[in-house]
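Comments concern the structure below.
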Amino acid sequence: MPTIFEITGEWQALIELLEETGGDITDPAVEEYVEKCFDDIENDLERKVDGYVQVLNELKARAAARKAEADRLAKRAKVDLNTMKTMKERLTYALIGLGREKIETERFKVTVANAGGKQPLTLDDGPLPSDWVDVQTVENPAKDRIRAFLESGNTLPFARLEERGKVLRVS
């Protein structure tokens, strides 16, 4: 079976033939040839389009099934991550409560350490002074500027730096 591009080429060749003859197909041999070309090209085109649509439908169904499976697995991964987070928090609190910040097992070395990164920032509820809001929207506080200002030893009546939390490191 010809490809969709070959069928298109056959249509174009037939159109060019008709243009060369000025559309005159009164010669019985030319008329028979043109009719046979029309029939062959039309049949090939219908079968090819039918095949294309069948493949498109199969791809659509397969994509939908894969998306559903990906969504299902994403939900399961989220449950696993939430369970992991809860277990890490419980282990961290237990070790802190026992006064044990380092434990080495046969397979793992576990350390409770101070969290790094940016120090947590808490903003009080209510509107912020306009000097401490990014220009885009009032609801978008300039947290980096506020944090830097507080880290340099200054105080603000509406914001404060919080203590860093604890993290559990396993190596």
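Considering only heavy atoms from C-beta on, Lys143 comes within 4.5 Å of Leu123 through its side chain. Glu163 has its side chain out of reach of Asn114: every pair of non-hydrogen atoms, C-beta onward, lies at least 4.5 Å apart.
Not a single donor-acceptor pair under 3.5 Å links the side chain of Glu162 to the backbone N or O of Gln119. A donor-acceptor pair under 3.5 Å links the side-chain atoms of Arg164 to the main chain of Gly117, judged by distance alone.
Pairing each heavy atom of Ile146 with each of Ala159, the nearest pair is CG2-CB, 3.9 Å. Heavy atoms only, all atoms of each residue included: Thr3 and Glu6 are closest at N-OE1, 2.7 Å. Between Asp124 and Arg160, the closest heavy-atom pair is OD1-NH1, 2.9 Å.
Residues meeting the side-chain contact (heavy atoms from CB on, under 4.5 Å) test with Lys102, sequence neighbours left out: Thr111. For Phe149, the ring-ring contact (aromatic ring centres under 6.0 Å, His included) criterion is met by Trp132, not counting sequence neighbours.
Separating the CG atom in Leu91 from the NZ atom in Lys88 is a distance of 9.5 Å, to the nearest 0.5 Å. Summarising the geometry, atom CZ belonging to Arg147 is positioned 5.0 Å from atom CG belonging to Leu121; distances are rounded to the nearest 0.5 Å. Residue Leu156 holds its CG atom at 9.5 Å from CG of Leu161, rounded to the nearest 0.5 Å. The CD atom of Glu101 sits 10.5 Å away from the OG1 atom of Thr92 when rounded to the nearest 0.5 Å.
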Q. Given the rule in the side chain to side chain contact (heavy atoms under 4.5 Å, CB included) test, do Asp144 and Lys118 qualify, once you have shown the distances and angles that lead to the verdict?
A. CA-CA 9 Å; Asp144 288 335; Lys118 292 181 179 178; 2.8 Å; yes
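With a 4.5 Å cut-off between side-chain heavy atoms of Ile, Leu, Val, Met, Phe, Trp and Tyr, the cluster of Leu81 takes in Met84.
For CZ of Arg90, the number of neighbouring non-hydrogen atoms (other residues, nucleotides, ligands) closer than 6.0 Å is 12 at most.
Of the listed residues (Glu46, Lys48, Arg47), just one forms a side chain to side chain contact (heavy atoms under 4.5 Å, CB included) with Asp44, and that residue is Arg47. Checked against Glu69 for a side-chain hydrogen bond (donor to acceptor under 3.5 Å, both in side chains), the options Arg72, Arg66, Lys67 give a single hit: Arg72.
Put simply, Val110 and Met87 are part of two different groups of oily side chains (I, L, V, M, F, W, Y) that touch within less than 4.5 Å, one to the next.
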